[in-house]
Every structure is written in C-alpha cells, then in structure tokens.
Amino acid sequence: MKIGVIVFPGSNCDRDMYHVLTDVFKLDAEYFWHEKGLPKNIDAVILPGGFSYGDRLRSGAIAAHSPIIKDVKKMAEKGIPILGVCNGFQILVEAGLLPGALLKNTSLNFMCKWTSLIVENNKTPFTNKLKLHQKIPIPIANGEGRYYVDDETLKKLKKKNQIVFRYSEVVNGSSDRIAGVCNEDGNVVGMMPHPERAAESEINPIDNKPSSLIFESLLTTIGVKN
Amino acid sequence: MAIFNVHVIIENKPGISDPEGETILNDLVLKGTHSAISKIKTAKMLKFTIKEKDKKSAQTRVKEICDELRIYNPMVSKITIDVFDS
Amino acid sequence: MAIFNVHVIIENKPGISDPEGETILNDLVLKGTHSAISKIKTAKMLKFTIKEKDKKSAQTRVKEICDELRIYNPMVSKITIDVFDS
Amino acid sequence: MSLEPQELDDLTSKIGRKPTSTELQIVAAEWSEHCSYKSSKKHLKMLPMKGPLVISEKGYDSGVLDVGDGYVITAHIESHNHPSAVEPYGGAATGVGGVIRDILSAGTRPIAIFDGLRFGDIEKDLQARWLFKNAVTGIADYGNCLGIPTIGGEVEFDECYSNYALVDVAAIGFGKKKNLIKNHAKKGDLVVLLGGSTGRDGIGGSQFASDSLESENRSAVQIPDPFIEKLIIEAILEARNQNLIHAMKDLGGGGLSCAVSETADALSIGIEMDVNKVHTRESDMNPDEIMVSESQERMLIVTNNDKLKKLDKICKKFRITCSVIGHVTSNNMMHVKKGKKTCANLPTDVVANATLLDRPSKKPAYLKNIEKEKKLKPILDYSKMMMKFISSPNIASKIWVYGQYDHEVGIRTVVKPGMDSSVLRLDNGKFLAAKIDGNPKHCYINPREGAIGCFEEACRNVVCTGAKPIGMLDHLQFGNPENPEIFWTFLESLKGLTDFAKYFEIPCVGGKVSLYNETPSGPIKPTPIIGILGLIDKTPLYSQKITTGNCLVIIGDTKNEMGGSEYFEYIHKFVGGKCPVVNFQESKTNMNIVLDLIRKDLLKTVHDCSKGGLAVAVSEICMTHQIGCNVSLEKVPGPKLDVDRILFSESHSRYLLVLEKKNTKKLEELLKKSKASYKMIGEFGGENIRFNKENKHVIDLRVDKAQKTWFNSLRELVVHG
Ligand SMILES: Nc1ncnc2c1ncn2[C@@H]1O[C@H](COP(=O)(O)OP(=O)(O)O)[C@@H](O)[C@H]1O
Ligand SMILES: [Mg+2]
C-alpha cells in the first residue's frame, strides 16, 4: 500500500505531510518529483501545500502544467483517492480536476490562523470515518484561499454532494463558506486548511482527533485498517 | 518576421468582486480629498515580446497561448490584448 | 465635467528584475512550444474612473494621487498613465 | 563607493603599489563598516563566546549549539535597515533571505524566522504606516514562500525612527551535527557560484548601509525572489547530503568581494576567479560591478572536479544556475581576472582585515539631567486611560502582524506566537524556545541598564515556557560611531551585555553591528536587540485554560523605575526618569524558581511583566484567556508606591503565575525556600479586569471590550487609518 506525495518546485508542506503519513500513521509513502511519472502501484496521491513556482501568475497555475499531472489525471479517472491540500488544492483546480477558482482573500493578506470546519460529505475516501457535520479544529495558511464558484456551479456542487467541508465561520469570503470540495465521483478531494498540521496532539492545542480521522479514513479506504 | 510587444490585460469578469480595487478606493483614495474618483479596478498585465510576421498573427498567437496555458482563468477573468510595434 | 477612464500601469523600472515574468516565460511558456516569445514582463494595472473637466486634468490628478498616496514606490517602479473617454 | 584618504594610503603601502580600480572597489566594499566591523571589532571581543554547548568552527556565519543526541541548532541575526527605509517591501524581504542563507551556510535547514520591527509614530505619520505595512508584507511574502515559519519578533514605534525603519531578522536552523559543513579546501578545488544571476542591483549596498541615509536617489534596491531561495535551500541540502560541499559562504553585503576574500582568508587559501564566468543578468557589466553587486539569492561553494557533475545535476533538477567561477590556489591571494586580463590581485588577509579603529567615546550631554522627573498631570480616570493605553500601537496585540506569517509550517510550533515566546519541537524529543527583544526607550535613558534589561526580558520570555537560556544573539544598532557620544552609548550597552552574559553563563553565539542609523532629524535611540535561545529537556509549559477561582501570584519587586516606560512616554509624553535596573542576583533567583515551579507542574500559565507594567501584563492574561480578575494593588511586593507606579512601572525580573488554589500551599513552600520576593495578588473570575486599592476599583474594565480593542486596534490603524 503506497501513497505518493508529489513535490513541485516550491512545495513546502511535502515534508510535513510525509512525516504525518509515515511517522504518525505508519503508512508507506514516497515522494515524487513533478517531472517524473507515477508508478502503477500507487494507492493514493497527495498534493501537499506550499508555493509551487512561487505562486507566480496564480497559485497552482504553473504547476498544473507539470508532466506528473498527466498521471494524476489518469489515476483520478481510475478512482484512486487523490487529496490536494492548500496549494495542492489550487493545483487540482487549475488542472481542471476540481471545479471553481481560488482567489485572493478578501483581507488581501496572507492569513495564518486556527479555525474550524464542518464536515458536509462523509462519503469521500478522506472523510469516511468522520461524522456528518462533525467539527474539525484546524489551521489555515494561505493568501489565495477564497474559493469561488458561480451560482450555477454551486447549485451543481450541492446537488452532487461535492461540498466536503465548510468553514464554521466566515474566514476569507469564500462562496458559501466552502473550504473543500470533491469531484463528481468523490475520489478527488481538495481543501484549503491543513490537516497535517492538526493531526498530532502535540501540535494541535484544541483537539487532534478529527484531523486524524481524515488520515484514518484514507487508511480504511486503501484497506490498511478497518 | 518582426518583433512586437503584446500587452495582455487580465481582469475580473463583471460581477466578480475586486476587493483590492475597493480597498485602494475606500481606505486610501477616498480617505484623502479625492472625491473625483468613483471607482478603481485592479488588473494584471503581461507584456509579451514576440517575433511574428505581422500584428494580426502576433495577436492570434498570444491569444492562443493565453488560452492553451490558462494564463487567465476563464471562470473568473477576461483578457484584453493590444499589439504594438516594438 | 466629464467621466474618464484612467489606466495606470505600474511596472519595475528598467534594469530591475522581474522574477514573476521570468518564471512565467521559462516554466510555462517556453516549456510549451512557444519559442516565438522572447520575453515576458509583468505589470500591475489600476483603472480609475474619474470626473474631471478634461483629459489633461484627469491625467494630472491621477498622477498626483498615485504619488501622494504612494500607490507605487518610485524607487522600484515607474508608472504609465493613459486616459480614455468613458 | 570609495575609501577614506588614509585607508587608501594604508592599502597602497600594504600592497606596495597603486591599487587598480577593481581593487579599490573590492577593498572599499570589504573595508566598509558593514563588512569589516572596523569600529566595533576590538570591543566585541569582550563578549563571552564559549560554553559547553557552543561549537565553534572557522568560517561559520551563524552560531552553532549542541542540543544533544547528535543534533545542533544554528542561529543568526541581521538587519536590513537602510534598504527597508527606502523600499520596505523588498528591503525587509531580502533581509529575511540574507539571514536564512547564513543558517544554510553551516549546512543546517532553517526552521524558524524572527523579526524585530521599528518605525516612527504610526498614529500620526503616514510614511511610518506605509513603511510598517510594506515591511510586514515583505517578510510575510518571503518567509511564507520559503515554508519557514516566522514564529516570533517584536514591533515598536518611536518618533526617533521617523522617516526610517529598523528591520531586524533572526533565524534558527536545525540539523545533525555530522552534517555540519566542515569548511576546508585544497589547491585545485573549484569555486562555484550558485543561484540567482548577478545584476546591477544593490551595487554599493554595504557602503550604503555604512552611510547615513539621505533622501537622495539610491540604486541599492533589491528585488526579492523567495522562489529561487527556496530552490537554493533544497539544492544545497541535497548537495550536503551527498557530501559535495567542502566549504560554503552566502553572498551578502559586499557581494563576491566579501564572500571570496573572507572564504579565502578563513581557510588560509588563495582563490583565482574569472568574472566572465559569473552568470550575469545584463551582458555589459564590468568587473567592478560584478565584484560588488549585492544581487540576492546567491551562494559560494567550494567543491572539487569529481563532485561537480553531481552538483550540476542537483542544480538542474532545481532549475538553478551554477557556474564554476574559479579555483583554489595556495598563494593566499585573491586573484580576479577577466579572461586573461588581471583586474585585481591582492593578499586575502589585506582585503579581509581592515585596519581596526579605536574610536573616542564621551558620555553624552543629554544624560546629565535625564533622570529628573517632571511633575505629571494627575490621571482622573484610570479605566479610561487604560482603554486608550491597550489600544496604543506599542501595547496593542500584534496579531495583525503575526497573523500574516505562516507560523505553523514545518509542524514544529507547539507553542504559537502570541505567547511570551514560541516553542519548537526538535527531532530528539527536546524543545527550543526563542525570542528577540529590544527597548530603545530604556536604552536611551541608560544605555547600559537598558541593554541589560533587553537581555533579561528575552530570557524571561523563554523562561515563561520552561526553557533554560543556552545562548544569546546580539544586534547592536546605533547612530554614527564617529560621534564620540554615540560611540559611548555603544560601549556602555556592550559592557552591560557582557556583564550579564558572564554572570548567567549565557554565551553569545552570534550577532551583528549596525551603525550609522541616522534619520533626517538625528541619530536613532540606542537600539540593541537581544535574541535568546532556550532549551527544554522534557515538556514546555502549555498554557492551560484559566478558570474561576484560579490564583494570581507575582514574583519580583515592583520598584519606582518609571523612566522610559510606556506610561511616561505615551500617556504623559515625558521622556526621562530613572529606567529599570536589573539586580543580577534577584534575576537569577526568580528565573530559577520559575523554571523549578514549571518543572514541578504547579502552574497553568506564566507571563512576564514588561512593557506597560503590571497593569498591562495582568490584562493580557485576562484578555487572552477571556476571563476577569481582581487584583489587590496593596499586596504587590516592593517599596511603597503611588498606584500609577505600581500599575505601570516596568521593573524587571517579575513573573505572573497562574495556578489552581489547591497548588498554592506547595507553591508557597517552594517560593519561601527560594528567597524570591512574591505575593498572591489576585483571583480570576467574573467578566471584569479590576485593580483594587482600599476596596475601590482603580481600574475596572469589561474583559470582552478590552479584548476587542486590544486585538483589533493595530489592524484598524494600519488598514483604515
Ligand atoms: N555584535 C556582535 N556580537 C557578537 N558577534 C558578532 C557581533 N556582530 C558580528 N558578530 C559576528 O561576526 C561574524 C561576522 O558577522 P557578519 O558580518 O554578520 O557575517 P555575514 O555578514 O558574513 O553573515 C559573525 O560570526 C557574527 O556572529
Ligand atoms: Mg551573512
């Protein structure tokens, strides 16, 4: 059971994600540089946060053209679980794997703070151990984190149950307080907040259980544990 | 073949808010004594230097690049392209 | 009095590097098959809507605002101002 | 850029001929105050630099401390004052970049950034507000992009910085001891320049930093490129892991001139290089410009021919340029060529060692009457005054600043910004606390005691988390050292720091001197900044939720030391009085007992008293924990004082402890034994922060209202003016 962590030039949460996957949840993870391909035997793919290509042009816009994205798309079609966190989410959106756009926060500033999420869809590979409407204390850290969709797409997202997380408060002006979404099949999930920064009790002063469940959901999904 | 300067202006589509423009207007300009200003909109500009046979094809080529490489996100932005002799 | 659209382009002065333009060129455009492009420079644009008696005074007024409110830092950037009828 | 006439004579006689133009440029850069420390070096030697944990090796730009189990931390502090004063965004950002490369040079991964920011009066001065806002964005954009958390710092406003800015940045690195770069080189090794291209930016920068700032147009503007810096970090660490680096130095002030001459001098080698091999941004740069350009994001590496291929491969992977610009020779000369032509050929020890000066010093005239107090207008309503006080820029919460910094990335930050000091977890199970502090208002009144106070305050801050101070960084920022009165204040501060460091056996592991900090209206106040690193062997004190009935205990005496206090200066607009003085013995007793109480797990939270005194410190606890408190001012230990002095004196060595009632007996036993001065002064509960005397509420504030004001006022001021 192997999880691929993709590293782009400028990714900076790759090592954090790897640490949580391997040291905390004892998963077998491997880094993949963006110029490489992904091997066939990968069971899940994670696009970590950071500033790929220095956030130039738009966050995620340049990384979305990386060679490895072709393989990510193939895996997405095959139904393999794919998670994009923060910049990873921005890349998935820019690559067209998830709907919407991520715009500058209304504060116009980078924001690093703890907030809380509400689980809106607990059927995805990353949320199946969470309860519907469960709250997750978690930090955000982004400058372009305001999720935007037009009204029509929003309706569709609601109808197809593609809203995975909402913020419990207004944090950055995102449409309908959306913090994370999935594709129609539910196997590709993107979220702005950082579960890898909230899954250990030492680092999470409030409650690390809910964020751990994001990783445990993945464990369950790929059949490591029930 | 000649060299052209092609300016691409990327700005939010109508209906999509522009918090930066609003902030500059409200917290900076209107705080002063500049009530003649009624609106500020921000945009991003990319200036391409391109070798093409004429203005027309320079314009077409840059438009193609912008679409193909998603230099702008059509869901939220629109672009305007102007070509100048270099 | 009439309404004018004033476009202010803010860009790095010549000789000052533009890392964003370089990244867009090298990591996006030239990675494709677009070797016709030899340079990309980024700039920021502010579009002002202003009420003034004529084009000339609209231009002067906007220039004053940009200087006074430090909309740009003349140490690093230069501005170009174009006025259009609205 | 030029040498003083006597320096030119000096150089000519040392090399026995007239220097070439390139030689003049190289030497002028290296002999500038900024690079050579010619005014300060003789005196810096007084600081204790050794200690059981200190690892010293030649050629490190940062201090190295052994934290056990085969791990080390590295630390360094820098400022970027002159560039930030004219281009706050780029100046502050490139300041971060510079200090990060110092950490990288030792072969350690940067894991934390700190920033100390000082500007004029942002309440009145639009220019100061513009500088502040842009400097913060610059630091945020740079550090966030690198993925290195900015976990602490300080912000202060004072009229002495009008039209100017002090931007100090410190950084910490972490790594395995065996991975430290052992700077060495032998004849035939290659000298490689890696990173961004060399351009005309920053030409004359170090000279610029050594002149006082005039409003004249400067070319010393540097454009930050954090993306390339991030790639450099990853490339260098990969090269380190593959053992490809023999020696390494970052390029900072003085550019190639300093990096090449200092590397050669430190390793006792010669270097021959060709400016044609340097990858430049513009094609028509002349050798002089290439040698002194201060373009950012560049590193100098010594490697050998066998390893070059692997190094090249790593650089390709990370899409950064790496050019072989020269090689190591054995003749101790710095030989700069352009193709076949020699542009400069100088003994490295001549270049790297400017003639040190012994500047005259004289006690400043202004100090004669400074301790005299004027009669103050009585305060009619302390509650009202207090609301104004907690919304003032120096007292208000700095969340608007640290909220823009990613302080979580790296997932080490177990105690977050907003507390006395942040705490990082290390890979060996230990924890590191760190904080930087300065206090120019105190230092202006008494440069010696003020500097000691900064040192003690930084120690207090890490002690509040349960950390024992193990190392100190100092950054000494003063005006023009050619003025004997200014030089006296520099020496006094340095002597004070030395005495404290020796008494507490806290070695100085690094530092920086920044002189010529002059604004159009005169020199800045003496502004030494002290950074303290503290180590926690077991667990840090995680602040716990305060509940009704919890007790408030103060350790340390509150004395009549109001000079330079925020209360005198902000409320009464009065600069003067006697500034707080640290009693070394009392300081040590209090530090030790607080650490002991934390270790014994008796406390819920600890906070020190500093700016704004007891009134502000207690309010901060209440506002952070959103709970009221009743404090009896009569009980506060120390000489008998008027209420305003008890409330607002900034006496050092004081700690506020919060604990459960059931632990008070045990606590008192331990405190009695320690001989520390202490008293239980209050109890938590209710919705009001109250300071009482003779059953009257001297101050009575709703905690929710106070909290809102304290949290939001800085942002309101900056954003909405
Ligand atoms: N005030 C000071 N106290 C102690 N050491 C200092 C002080 N100022 C500079 N140093 C030390 O002198 C050395 C050179 O400093 P610096 O010029 O800052 O190096 P660089 O610019 O190459 O990074 C460093 O090891 C630094 O720690
Ligand atoms: Mg350095």
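All values below were derived from every heavy atom in this structure, side-chain atoms included, with hydrogens, water molecules and symmetry-related copies excluded. Here is how names work: the chains are called A, B, and so on, in the same order as the sequence lines, proteins then strands, and each is numbered from 1.
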The interface call for B:I9 against chain C, heavy-atom contacts under 4.5 Å, is side chain
If one checks every heavy atom of C:E11 against chain B at 4.5 Å, the contacting part turns out to be side chain
Whatever's closer than 4.5 Å to a heavy atom in chain C on B:I71 counts as side chain
Within residues 36-45 of chain C, contacts to chain B at heavy-atom distances under 4.5 Å involve C:A36, C:I37, C:S38, C:K39, C:I40, C:K41, C:T42, C:A43, C:K44, C:M45
Pair count under 4.5 Å, heavy atoms only, with chain C: among B:K31, B:H7, B:E20, highest is B:E20
Notebook entry, point to check: Going by heavy atoms in the side chains, are B:H34 and C:E64 under 4.5 Å from each other?
Noted result: no
If one checks every heavy atom of C:T33 against chain B at 4.5 Å, the contacting part turns out to be backbone
*asked:* Are more than 12 heavy atoms, taken from residues, nucleotides or ligands other than B:K51, located less than 6.0 Å from that residue's NZ atom?
replied: no
Okay, C:R61 and chain B: the region with an atom under 4.5 Å from a heavy atom over there is side chain
Mind running side-chain contact (heavy atoms from CB on, under 4.5 Å) on C:I24 and B:L69 for me, showing each step along the way?
CA-CA 10 Å; C:I24 298 173; B:L69 298 178; over 6 Å; no
